[in-house]
**Student:** 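I'd like to ask some things about the structure below.
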Amino acid sequence: MNVLIIGSGAREHVFCWKIKQSSGCDSLYVAPGNAGTNKIATNLDINISNFQEIKKILIIKEIGLLIIGPEIPLINGLVDFIKQQPELKEILVIGPSISGAMLEGSKDFSKDFMFKHKIPTASYKTFNANTLDDGIDYLETIPPPYVLKADGPAAGKGVLILENLPQAKEELSNMLIHNKFGDSGNKVVVEGFLKGIELSCFVLFDGKSYITLPSAKDYKRIGEGDTGLNTGGMGSISPVPFADREFLKKIDAKIIKPTIKGIIKDKLDYVGFIFIGIIKVENEPFVIEYNVRMGDPETQVVLPRIKNDFLELMVKTANGKLNSVKLEIEKMAYANVVAVSNGYPEQYEKGKIISGLEIENDSIIFHAGTKNESENIITNGGRVLSVVSRADSFDLALKKSYQNIKPIKFEGKHYRKDLGFDL
Ligand code: AMP
Ligand code: GLY
């Protein structure tokens with residue numbers, strides 16, 4: 001079977017690496033991919049927001065399975081588009097239609113879904129430009145810190161957590177009146193603040209049955225000790241030490257099962273990964289958000305732990321046959337350390353030559369913002385590489401990743417030196 005993966009991050013490099021190990025894979029394509037996927041698959045330089053271009057490639061390359069990595073094509077209706085094309089009706093697709101993708105595409109929609117299906121989450125109210133005054137009144141009735149979320153997709157930047165009331169009021173009007181997050185902030189969800197530790201849970205859903213994949217923890221802040229700006233993710237570990245069997249059972253009963261039931265009951269058209277961001281508050285799980293895809297940098301430590309043939313797993317998911325799958329999970333500790341460009345997560349530099357990539361012994365290097373330029377591999381994004389290791393303990397796994405990230409050189413390379421400090 002020929003496979004196409006949409007996306008260009010480390011998540012997509014992991015998908016590629018995993019599918020490449022399957023004997024069922026004939027030709028493997030990634031669009032647009034990076035210098036890492038280019039080594040093990042064929043990168044296709046196409047514009048992934050042009051659905052007609054994707055259609056052409058699906059036909060020319062005789063694709064049997066399409067995996068959509070990032071959320072934007074899903075929210076913009078790539079799956080709906082494919083389902084409307086008679087020529088593409090045989091293609092198996094991993095990813096929800098717009099109706100399901102709204103769980104990530106609209107915070108208001110997802111909060112409404114959670115309340116409707118009695119899934120534990122923070123209290124909230126939603127406001128728009130016409131109800132700004134009500135929003136300001138509402139802020140006066142709730143205790144700080146204030147959590148303001150742009151309703152629409154904002155690449156992880158649409159959430160503000162503010163300590164004082166005047167600032168919260170000002171930011172609410174910045175979002176609703178002054179278009180701080182563009183159209184994504186036309187509606188704003190104001191949420192109660194939850195204090196706890198976060199983990200990322202992953203579910204694979206075939207439209208009827210689901211299986212739970214290993215969970216992970218990502219390190220979101222740029223600075224040591226979890227300080228500084230939020231990033232896409234500076235590293236990750238799996239399994240999650242503070243999510244023991246009993247807590248995972250609670251997540252299944254109180255969150256995953258009602259989520260699946262709700263998706264079926266509300267007739268959301270959904271096949272693919274469900275990423276549930278969870279916060280543990282005094283031993284109880286609450287949902288922070290849904291994403292309709294795998295996480296990055298979590299995929300780098302979750303997928304390597306899955307022993308099953310990954311292509312077969314994807315095909316069974318797309319064919320509604322997950323009830324026949326028994327997942328086999330490796331128990332070792334996995335750790336991922338991410339190297340980023342100078343300046344990230346604000347404006348960063350690109351085009352720096354990367355060397356030292358060949359020193360890959362005990363770790364796997366997954367590429368994100370990299371590309372080939374003549375003989376060289378150069379930086380092409382904020383997050384550049386993920387160095388993933390496994391060992392009997394997190395200490396050892398992290399040690400290996402730190403040993404192997406050191407010899408990788410590019411101007412302005414930065415990585416957090418303290419991952420695992422909290423374990
Ligand atoms: P989100 O995009 O909804 O995942 O929010 C981004 C980050 O903001 C989360 O990963 C949390 O760290 C934080 N956050 C979001 N909602 C809340 C909340 N209700 N209480 C505390 N922290 C939150
Ligand atoms: N690791 C968070 C995300 O993928 O959105």
**Student:** Would you kindly say whether Ser99 and Tyr270 are connected by a side-chain donor-acceptor distance under 3.5 Å?
**Tutor:**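 Short answer, no.
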**Student:** Atom CG of Leu172 and atom CG of Leu139: how far apart are they, to the nearest 0.5 Å?
**Tutor:** 5.5 Å
**Student:** Please tell me whether Glu312 and Asn308 have a donor and an acceptor in their side chains that are separated by less than 3.5 angstrom.
**Tutor:** no
**Student:** Does the Lys NZ or Arg CZ of Lys187 fall within the cation-pi geometry relative to Phe127 - under 6.0 Å from the ring centre and within 45° of the axis?
**Tutor:** no
**Student:** For the residue pair Asn283 and Lys250, establish whether any side-chain heavy-atom pair is separated by less than 4.5 Å.
**Tutor:**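 Side-chain contact under 4.5 Å: yes.
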**Student:** Using the rule ring pair (Phe, Tyr, Trp, His ring centres under 6.0 Å), only one of Phe366, Phe273, Tyr29 pairs with Phe15; which is it?
**Tutor:** Phe273
**Student:** So, does Glu53 use its side chain to make a donor-acceptor pair with the main chain of Asn47 at under 3.5 Å?
**Tutor:** yes
**Student:** If only atom types and distance count, is the side chain of Arg416 paired as donor or acceptor with the main-chain N or O of Gly223 below 3.5 Å?
**Tutor:** yes
**Student:** Compare all side-chain heavy atoms of Lys111 with those of Thr126 and state whether any distance is below 4.5 angstrom.
**Tutor:**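 Result no, sub-4.5 Å side-chain heavy-atom pair not found.
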**Student:** Which value, rounded to the nearest 0.5 Å, describes the distance between Leu78 atom CG and Ser97 atom OG?
**Tutor:** 9.5 Å
**Student:** Any side-chain heavy-atom pair from Trp17 and Lys39 closer than 4.5 angstrom?
**Tutor:**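 They are not in side-chain contact.
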**Student:** Gln300 and Ser386: side-chain donor and acceptor closer than 3.5 Å?
**Tutor:** yes
**Student:** When rounded to the nearest 0.5 angstrom, what distance separates CG in Leu148 from NZ in Lys180?
**Tutor:**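 Answer rounded to 0.5 Å: 9.5 Å.
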**Student:** Looking only at side chains, do Ser106 and Asp151 share a donor and an acceptor under 3.5 Å apart?
**Tutor:**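 The criterion, which ignores hydrogens and geometry beyond distance, is satisfied for Asp151 and Ser106.
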**Student:** Please round to the nearest 0.5 Å and tell me the distance separating atom CZ of Arg293 and atom CD1 of Ile75.
**Tutor:**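 Nearest 0.5 Å value for the CZ-CD1 distance: 8.5 Å.
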**Student:** With side chains defined as the heavy atoms from C-beta onward, is the minimum distance between Ile237 and Leu419 less than 4.5 Å?
**Tutor:** no
**Student:** Donor-acceptor pair, distance only, cut-off 3.5 Å: does the side chain of Asn404 make one with the backbone of Lys400?
**Tutor:**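 At least one qualifying donor-acceptor pair exists.
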**Student:** Using a 6.0 Å distance limit plus a 45 degree cone around the ring axis, check whether Lys217 lies over the aromatic ring of Tyr219.
**Tutor:** yes
**Student:** Given side chain to side chain donor-acceptor pair (under 3.5 Å), test Asn336 with Ser236 step by step and report yes or no.
**Tutor:** CA-CA 5 Å; Asn336 168 23; Ser236 52; 3.3 Å; yes
**Student:** Any sub-3.5 Å donor-acceptor pair from Gln85's side-chain atoms to Phe81's backbone N or O?
**Tutor:** yes
**Student:** Is there a donor-acceptor pair under 3.5 Å between the side chain of Asp218 and the backbone N or O of Gly235?
**Tutor:** no
**Student:** As an exercise, state the distance from CG of Leu303 to CG of Leu213, rounded to the nearest 0.5 Å.
**Tutor:**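 These two atoms lie 7.5 Å from each other.
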**Student:** Give, for atom CD1 of Ile19 and atom CD1 of Ile67, the distance between the pair rounded to the nearest 0.5 Å.
**Tutor:** 3.5 Å
**Student:** Is the Tyr124 to Phe115 ring centre distance short of 6.0 Å?
**Tutor:**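 Yes: the rings meet the under 6.0 Å criterion.
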**Student:** Is there side-chain contact between Leu248 and Ser215, with heavy atoms separated by less than 4.5 Å?
**Tutor:** yes
**Student:** State whether Tyr415 and Lys417 meet the cation-pi test: NZ (Lys) or CZ (Arg) under 6.0 Å from the six-membered ring centroid, and within 45° of the perpendicular axis.
**Tutor:**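 Pair Lys417/Tyr415 counts as cation-pi.
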**Student:** Strictly by salt bridge (Lys or Arg N to Asp or Glu O under 4.0 Å), give each pair with a member in residues 330-344 just once, sequence neighbours left out.
**Tutor:** Glu330-Arg390
**Student:** Report yes if the side chains of Tyr210 and Ile256 come closer than 4.5 Å at any heavy-atom pair, otherwise no.
**Tutor:** yes
**Student:** Ignoring hydrogens and geometry, is there a side-chain-to-backbone donor-acceptor pair from Gln84 to Ile82 under 3.5 Å?
**Tutor:**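 Here the side-chain-to-backbone pair does not exist.
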**Student:** Check whether Asn34 reaches the backbone of His367 with its side chain - one donor and one acceptor, N or O, closer than 3.5 Å.
**Tutor:**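 Yes; judged by distance alone, with no hydrogens or angles, the pair exists.
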**Student:** Within the distance-only criterion (no hydrogens, no angle test), does the side chain of Lys18 pair as donor or acceptor with the backbone N or O of Ile306 below 3.5 angstrom?
**Tutor:**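 Yes; at least one donor-acceptor contact below 3.5 Å.
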**Student:** Less than 4.5 Å apart, side chain to side chain, heavy atoms only: is that true for Ile68 and Leu66?
**Tutor:** yes
**Student:** Is the side chain of Thr379 donor-acceptor paired with the backbone N or O of Lys352 at a distance under 3.5 Å, no angle test?
**Tutor:** yes
